[in-house]
Amino acid sequence: MAKIIDGKKISQQMKDELKEKAERLKEKGKTGALAVIQVGQDPASSVYVRNKKNACAYIGIESLAYELPEETTEEELLKLIDELNGKEQVKGILVQLPLPKHICEDKVIRAISPKKDVDGFHPQSVGAMTIGEPGFLPCTPAGIIQLLKRSDVEIGGKHCVIIGRSNIVGKPMAILMLRENATVTVTHSKTKNLKEICRQADILIVAMGKPQFIGAEYVKEGAVVIDVGIHRDENNKLCGDVKFAEAEPLASAITPVPGGVGPMTIAMLMNNCVQSIEEE
Ligand code: NAD
């Protein structure tokens with residue numbers, strides 16, 4: 001029987017710590033707002049944006065919502081970001097992805113001042129993370145590090161296999177696990193012998209975006225399994241990339257979906273916002 005890593009509980013602990021920290025900063029006159037920009041009305045994005053606003057309210061940070069129409073031009077969006085970069089009270093700028101196809105995401109990410117890049121996606125933030133300099137860490141991988149540490153999972157010297165090499169999860173996850181002294185293997189859609197490689201993992205982090213793909217045959221007995229995927233199954237229930245019922249009996253610890261990695265992403269976003277207010 002695996003220990004269930006409770007992301008809901010751990011994220012709540014983190015948010016309570018951050019709330020206290022934000023209060024202490026306020027007493028010193030340090031405050032700030034998170035600007036959240038959404039272009040169009042993708043329903044999943046609207047849920048994420050609402051959760052982020054609620055988290056700000058809980059922590060006691062002001063949030064400024066910019067809900068722009070689908071037909072907003074790239075130029076208009078870049079102009080808004082430029083204005084927000086110049087506003088002293090705005091300490092964090094978040095553009096909800098994905099953006100409509102006519103807007104270049106890379107350009108938008110680069111337009112955000114690295115000082116306000118609370119998503120940690122700007123090339124300068126990525127570079128700083130890679131060489132271990134201070135900067136904002138991307139929220140999902142940083143949240144996974146917190147999940148592991150706060151669940152007393154030892155990382156140093158362990159073999160961590162990551163499935164997925166996206167810029168927002170897989171790649172930064174590999175860097176952060178290296179920083180924690182894990183031995184890291186990154187696998188992806190062109191990897192051969194995926195099962196054999198996964199079966200060598202002490203810590204298996206799955207971010208492939210394929211509903212319930214990873215079954216028992218990928219999991220070594222005693223492994224820690226972290227499921228990053230979020231999907232809706234045929235009954236509209238949330239599920240991950242891992243077949244939980246198959247992996248759980250083999251694993252020593254495992255994250256559920258929902259209630260695993262997901263809540264940590266928002267907690268880390270709040271962490272980055274408070275860090276930005278602190279560092280002003
Ligand atoms: P992505 O589609 O950008 O990347 C998927 C990665 O998986 C790719 O690098 C690809 O090479 C790899 N992959 C695909 N099929 C594979 C296969 N058969 N074998 C090996 N590798 C394979 O996705 P992403 O943005 O990294 O997100 C991954 C999942 O995590 C999605 O389900 C997404 O919804 C979820 N997600 C969750 C959170 C959260 O807060 N919980 C945050 C971000 C993403």
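Note that the numbering runs from 1 along the sequence shown for the chain. Below, each value reflects all heavy atoms present in this structure, side chains not excepted, and no hydrogens, waters or symmetry copies. Indexing begins at 1, ligand by ligand and atom by atom, following the structure's order.
Of all the atoms in ligand 1, the ones that sit under 4.0 Å from a non-hydrogen atom of V169 are 26 (O), 43 (C), 44 (C). Contact atoms of ligand 1 toward V261: 41 (N) (distance under 4.0 Å to a heavy atom of the residue). In summary, the atoms of ligand 1 found under 4.0 Å from a heavy atom of G209, numbered by their order in the structure, are 28 (C), 29 (C), 31 (C), 32 (O). Near T265, the atoms of ligand 1 lying under 4.0 angstrom from a non-hydrogen atom of the residue are 39 (C), 40 (O). Within the listing of ligand 1, atoms 20 (C), 21 (N) sit less than 4.0 angstrom from a heavy atom of I163. For ligand 1, the atoms sitting less than 4.0 Å from at least one non-hydrogen atom of G229 are 29 (C), 30 (O), 32 (O), 35 (C), numbered in the order shown with element in parentheses.
Heavy-atom separations between T187 and ligand 1 are all 4.0 Å or longer. Heavy atoms of G262 come nearer than 4.0 angstrom to ligand 1 in at least one pair. Residue contacts with ligand 1 include L194, since one or more of its heavy atoms lies under 4.0 Å from the ligand.
A donor-acceptor contact shorter than 3.5 Å is absent between the side chain of H159 and the backbone of A182. Formation of a donor-acceptor pair under 3.5 Å by the S151 side chain with backbone atoms of L147 is found in this model. A distance-only check finds a donor-acceptor pair linking the side chain of E105 to the backbone of L99 [under 3.5 Å]. Checked by atom type and distance alone, the side chain of Q212 never pairs as donor or acceptor with a backbone atom of C239 at under 3.5 Å.
Distances from atom 2 (O) of ligand 1 to the protein include no heavy-atom value under 4.0 Å.
Applying the salt bridge (charged side-chain N to carboxylate O under 4.0 Å, His left out) test to residues at least two apart or on different chains, the pairs with a partner in residues 165-188 are K149-E180.
Remark: the T255 side chain and the D227 side chain contain no N/O donor-acceptor pair separated by less than 3.5 Å. For the residue pair Q12/Y58, the side-chain donor-acceptor check at 3.5 Å is satisfied. Q38 and S46 form a side-chain donor-acceptor contact under 3.5 Å, judged by distance and modelled atom types alone.
Linking ILVMFWY residues whenever their side-chain heavy atoms come closer than 4.5 Å, directly or via other members, leaves V206 and I162 in distinct clusters. In terms of hydrophobic clustering, with Ile, Leu, Val, Met, Phe, Trp and Tyr side chains grouped at heavy-atom distances under 4.5 Å, I163 and V219 are assigned to a common cluster.
Counting heavy atoms under 4.0 Å from ligand 1, residue V228 touches it through both backbone and side chain. Contacts between I168 and ligand 1, counted as non-hydrogen atom pairs separated by less than 4.0 Å, involve the side chain only. Using a 4.0 Å cut-off between heavy atoms, H231 contacts ligand 1 through its side chain alone, with no backbone atom that close. By the criterion of a heavy-atom distance under 4.0 Å, the side chain of K210, and not its backbone, is placed next to ligand 1.
Considering backbone and side-chain N/O of I230, one or more are found under 3.5 Å from N/O of ligand 1.
From the protein, the heavy atom lying nearest to atom 17 (C) of ligand 1 is M208 CE, 3.4 Å. Distance from atom 10 (C) of ligand 1 to its nearest protein heavy atom, with residue and atom name: S189 N, 4.0 Å. Nearest protein heavy-atom neighbour of atom 24 (P) of ligand 1: S166 OG, 3.6 Å.
Of the candidates K107, K79, H102, K107 is the only one forming a side-chain hydrogen bond (donor to acceptor under 3.5 Å, both in side chains) with E74.
Among P263, G164, G170, the residue whose heavy atom lies nearest to atom 6 (C) of ligand 1 is G164.
Using a 4.5 Å heavy-atom threshold, the side chains of K237 and R232 count as separate.
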